[in-house]
Amino acid sequence: MADAITPRSEDYAQWYIDIIKQAKLADYSPVRGSMIIRPTGYALWENIRDTLDGMLKETGHQNAYFPLFIPQSFLAKEAEHVEGFAKECAVVTHSRLKIEEETGELIPDPDSQLEENLIVRPTSETIIWDTYSKWIRSWRDLPILMNQWANVVRWEMRTRLFLRTMEFLWQEGHTAHATEKEAQDETMKILDIYASLAEDYMAMPVIKGAKTASERFAGAVDTLCIEALMQDGKALQAGTSHFLGQNFAKAFNCTFQNKENQLEHVWATSWGVSTRLIGGLIMTHSDDQGLVLPPRIAPTQVVIVPILRKTGGEPVLEAVERIEKMLKDAGIRVHVDAREGYRPGWKFAEYEVQGVPIRLALGARDVEHGVIEMARRDTFEKETVPQEGLTALIQDTLEAIQKNLFDRAVAFRDDLTTSVDSYDEFKSVLEEKGGFILAHWDGTDETETRIKQETKATIRCIPLDQEYEDGVDMLTGKPSTGRVYFAKSY
RNA sequence: CGGGGUAUGGCGCAGUCCGGUAGCGCAUCUGCUUUGGGAGCAGAGGGUCGUAGGUUCGAAUCCUGCUACCCCGACCA
């Protein structure tokens, strides 16, 4: 047995770290709060990225790239935005280093102090709206549907691999529209795309909803989000889509002439998902044996392990090669591990830790009988099946795994979603069961803040499919017309 | 930014109380035997003990300062 994974029941946080290390997704870096994304982890990100990128292009968005450095003065232009981000900005003040003669120490060269400080982007609204104000003159210039894949930096006090790191990878979409309605529709359209990415590809069920004022993006009029529930009963904000109104257009003086020949401020949206999704993926499906990956997003969907004896391995390797080609031709991502020096049992354990959905094992006996052993990562089921018709069976099984993971996660989420009507009940459910709690809320900041202070639970979202229901706020007794989702969150 | 903990081969740790020149497991390398669920035996390589200073004939060990990282809380994708 190699290094063990701490069981979830013992220490969930340690389990999460163990999974990432054992599955070789990421490493800590020499810089606090920064992480090294290893090839396996990055391959996962590439699949998420490529899937989403396809969906965005499908809906008319184009990619561009804006710079990492933003003039410090830009950040100050939108009042709420600066308040939200100023506390976590990395600031560039000098352009070169020099060796101090007396001490031999390497220091920023005082002579190279910048005229104006640069900040490392925590998000790009400011530089993008500065640019849009130059690009947009007429209603004919609209809409602009732009996205960028980039890294951003937020100087976090407390970090966790994938979930919160000082530097992370994401995409940020920034769109400009002629009308409020069009911008609002865009915000919603993106939310649906995010939900589809999460549910249909990552098999991670999400609640679509709107953030309350206190949880809103700094500078947004409205923030929509998708919220997922992790195995420890805590919620994870997995993506956000913001309707920015005309806030940034006003701050950056971005106007256009409408069809009535009047000057009007542009309507805006912005939206993003990040490498945090990988953290969500891990905490949605994985178990005490290691990572569990949904087939549609798994870098390797099928691994084939030949079982070789010292001599007479040729027929086995030939069969493996034939099956590999067959599966590859069908578009399945397959990997053959024919390495010598590692025993089959070792390899089985290795791919289990890495979450490969299906493992095939083929030995001399199987070749003789025209069969092959197939093992599922999600259920640990193992069966010997005919090589004849294998491709179709694999395809079906991959789909079955995908569906099983999603169904399992939905069932878990539903089990851990509780409706409560009193504050006492709220507190006891939160304490003993965790998960999402549906409760009435009077719509005020004060109540939300008090609940947060007293219980550490926040309103994750006001669900978009909220049903009208007369009720009273569990704390204040004031009237409410529908339930909102509360939870402790990451 | 507060509280706690840790720092010794690549990883995980022991050694520190009571100073005498560094050890164990895993991993790595070589050879042989193995190979259908993390192999066995034999041998080998690899460490300025986080850092700076002090005490001492002698410091991983005692003293002082510093730094980094991890965990737990307040703030955030």
Side-chain angles (χ1 to χ4, degrees), chain A residues 1-6 11-14 16-18 21-22 24 27-35 83-89 122-123 150-172 194 211 214-218 220 223 225-228 235-242 270-280 289-290 305-313 316 338-353 359-367 371-373 375 380 382 384 452-453 456 458 488-490:
Chain A
M1 194 65 181
D3 311 291
I5 294 168
T6 306
D11 184 343
Y12 193 82
Q14 189 58 45
Y16 177 76
I17 293 165
D18 287 349
K21 301 220 100 177
Q22 297 298 323
K24 299 189 173 67
D27 258 338
Y28 290 106
S29 90
V31 178
R32 180 190 72 85
S34 301
M35 84 179 152
E83 203 177 312
F85 283 107
K87 294 190 297 272
E88 44 191 80
C89 282
T123 178
N151 57 338
V152 287
V153 168
R154 296 179 186 177
W155 211 264
E156 299 289 349
M157 286 308 165
R158 182 152 171 234
T159 59
R160 304 190 66 175
L161 293 172
F162 289 113
L163 296 174
R164 177 163 300 106
T165 46
M166 294 214 306
E167 179 189 3
F168 57 93
L169 306 183
W170 77 345
Q171 56 70 218
E172 47 178 323
Y194 285 167
K211 286 292 185 190
S214 71
E215 297 274 327
R216 209 172 274 156
F217 176 74
T223 289
C225 64
I226 52 172
E227 291 282 328
L236 182 77
Q237 178 176 308
T240 47
S241 182
H242 315 291
S270 73
W271 25 272
V273 296
S274 71
T275 33
R276 168 179 266 194
L277 282 175
I278 296 175
Q289 269 58 248
V305 179
I307 313 289
L308 299 168
R309 306 214 167 243
K310 187 155 194 177
T311 55
V316 173
R339 286 179 298 173
E340 290 172 37
Y342 291 93
R343 302 169 82 245
W346 190 91
K347 292 178 185 174
F348 293 175
E350 184 70 8
Y351 292 104
E352 217 159 83
V353 169
R359 182 190 72 233
L360 297 173
L362 187 81
R365 285 203 308 262
D366 302 315
V367 173
V371 296
I372 191 164
E373 183 189 86
F380 293 104
K382 218 158 57 166
T384 301
K452 183 178 176 180
Q453 280 169 354
K456 296 201 171 83
T458 50
K488 289 186 186 171
S489 74
Y490 275 97

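Here the structure is a predicted model, which means the values were calculated and not measured. Throughout, protein chains are lettered first and strands after them, A, B, ... in sequence-line order, and every chain is numbered starting at 1.
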What's [X] touching, base or sugar-phosphate or nothing? Going by heavy atoms closer than 4.0 Å.
X	result
A/Ser270	nothing
A/Ala13	sugar-phosphate
A/Arg160	nothing
A/Ile17	sugar-phosphate
A/Glu352	base
A/Tyr28	sugar-phosphate
A/Gly363	base
A/Gln14	nothing
A/Thr240	nothing
A/Val353	base

Nearest whole Å is fine: how far is [N] [atom2] from [X] [atom1]?
X	N	atom1	atom2	value
A/Tyr490	B/C72	OH	C1'	14 Å
A/Glu350	B/G37	CD	C1'	13 Å
A/Met166	B/C1	CE	P	13 Å
A/Lys456	B/A74	NZ	P	5 Å
A/Leu161	B/C69	CG	P	13 Å

Self-check item: Watson-Crick or G-U counterpart of B/U28, or none if no pair lies under 3.5 Å
Solution: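 Its partner is B/A44 (Watson-Crick or G-U wobble, both distances under 3.5 Å).
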Quiz item: Between the main-chain N or O of A/His242 and the side-chain N or O of A/Lys211, is there a donor-acceptor pair closer than 3.5 Å?
Solution: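 It does not hold such a pair.
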Quiz item: If you draw the axis of the six-membered ring of A/Phe168, does the NZ or CZ of A/Arg276 fall within 45° of it and under 6.0 Å from the ring centre?
Solution: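 Because its charged atom misses either the 6.0 Å distance or the 45° angle limit, A/Arg276 does not stack over A/Phe168.
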Self-check item: Quiz item: A/Arg359 side-chain donor-acceptor pair to B/G37 base, under 3.5 Å
Solution: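 Indeed there is one.
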Among [options], the nucleotide that comes nearest once only the side chain of [X] is considered:
X	options	value
A/Lys87	B/C75, B/U35, B/G37	B/C75
A/Arg158	B/A77, B/G73, B/U35	B/G73
A/Thr165	B/G37, B/A77, B/G36	B/A77
A/Lys452	B/C72, B/U28, B/C75	B/C75

Quiz prompt | Ion pair check, A/Arg359 and A/Glu350, cut-off under 4.0 Å | solution =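 Answer for the salt bridge query: no.
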Exercise. Classify the ring geometry between A/Tyr194 and A/Trp271 as parallel (under 30°), tilted (30 to 60°) or perpendicular (over 60°).
Key: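 Perpendicular: the ring planes of A/Tyr194 and A/Trp271 meet at over 60°.
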Quiz item: Does atom CD of A/Glu83 have more than 12 heavy-atom neighbours, drawn from other residues, nucleotides or ligands, at distances under 6.0 Å?
Solution: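 Not more than 12 within 6.0 Å, no.
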